[in-house]
Amino acid sequence: MPELPEVETVRRDLVRHVLGRCVVTVEVTGRRSVRRQDPVEFAGALRGRTIESVSRRGKYLFATLDDAALLVVHLRMSGQLLLVPSGASTPREPHTHVVLGLDDVSELRFVDPRTFGELFVTSDLGPDGRPAALGALGVDPLVDPIDGRVVRELLAGRRTTLKALLLDQRAIAGIGNLYADEICFRAQLRPDRRTDSIGISAATRLWRAVVEVLDDAVAARGSTLRDARYRDLHGGHGHYQRSHAVYGRAGEACTVCGTPIERARIAGRSAHYCPRCQR
DNA sequence: CGCATATCCTGACTGC
DNA sequence: TGCAGTCAGGATATGC
């Protein structure tokens, strides 16, 4: 499931391969993937536009068009953006819902079996330059400069579990279930630890873990799990799954102390942690 | 406020 | 082997 590192990997691939490309054709076959606006309006807003930059905040991708509108993409659970050079030769995968034909005869395809993902084009931007239609998005650990004071405010500002805080996109944007668990492990903090009980040194450790885990995962081009739901722009796998310490490892030995990794339900999600290394 | 739960959906997995 | 049932999760809405 694409989280910040996977979305960032796709963003970098897009910057490399579709920047400056003009959208020539737009085909919407999956209505659910373009559900915020009329597909005809969506197609009209894209056709003839050139992609000038690609940015990201949390798990949202934004492609800035030459008329200053934004193409917004969220992959949610199973969405993939695939760039296929010269359209006719490569058969479309099942669940291909949107196809953008580009002026270099490549195709940008949106494939999404579970149809939770979505695309839309908007010019209605808030004062922060982000689409007004999106809910509040918190700090992006790889985009926003952040100091210890901000981290302590985040932690003290709510009485909840660490896991719930990490998953709350209004607080921190980009972390999902997998990376939340890996971050807690790296920070040596239990996912069910109350945020208001985390002191200054642990808070420092936590933020270092957030940035390190996400940086490492981006360097590894993200995590592709057994279900192979995440692919990069060219259909390739990430390999950060090889570095997972806890996620998906319930019952297996902790890589540090050998204690079996436990799995519990925290904040409505499965959580994996080492009961010995994490306090 | 915080938390749980339901919703959307399909594919992978589990258990009989 | 095959089939039915369960689980997975990102964002959002709603109820307690």
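Each chain gets a letter, A, B and so on, in the order the sequences are listed, and its residues count up from 1.
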*asked:* Applying a 4.0 Å non-hydrogen cut-off, can you work out what A/Ser78 is touching in the nucleic acid: base, sugar-phosphate, or nothing?
replied: nothing
*First and last nucleotide of DNA chain B touching chain A, 5' to 3', heavy-atom cut-off 4.0 Å?*
B/dG2 to B/dC13
*Hey, what bend do you get for the helix from B/dG2-C/dC16 to B/dC16-C/dG2 if you fit axes on five pairs at each end, rounded to 10°?*
60°
*Hey, does A/Arg194 reach any base, or is it just sugar-phosphate, or nothing, if we go heavy atoms under 4.0 Å?*
sugar-phosphate
*Check the angle between the aromatic planes of A/Tyr247 and A/His244 and answer parallel, tilted or perpendicular using the 30° and 60° thresholds.*
perpendicular
Under 3.5 Å, which protein N or O atoms sit close to an N or O of nucleotides 10-14 of chain C? Give each pair with its distance.
| residue | atom | partner | partner atom | Å |
| --- | --- | --- | --- | --- |
| C/dG10 | N7 | A/Arg269 | NH2 | 3.1 |
| C/dA11 | OP1 | A/His74 | NE2 | 2.8 |
| C/dA11 | OP2 | A/Lys59 | NZ | 3.1 |
| C/dA11 | OP2 | A/Gln169 | NE2 | 3.4 |

*Across the strands shown, which category fits A/Arg265 at heavy-atom distances under 4.0 angstrom: base, sugar-phosphate, nothing?*
sugar-phosphate
*Does one side chain, of A/Ser197 or A/Arg193, offer a donor that lies under 3.5 Å from an acceptor on the other?*
yes
_A/Glu182 with A/Arg186: basic N within carboxylate O range, under 4.0 Å_ = no
*Determine, for A/Asp140 against A/Arg56, whether the closest basic-nitrogen to carboxylate-oxygen distance falls under 4.0 angstrom.*
yes
_Under-4.0 Å salt bridge between A/Lys59 and A/Glu3_ = no
*Assign A/Tyr247 to base, sugar-phosphate, or nothing according to its heavy-atom contacts below 4.0 angstrom with the strands shown.*
sugar-phosphate
*What do you reckon, are the aromatic ring centroids of A/His234 and A/His17 less than 6.0 Å apart?*
yes
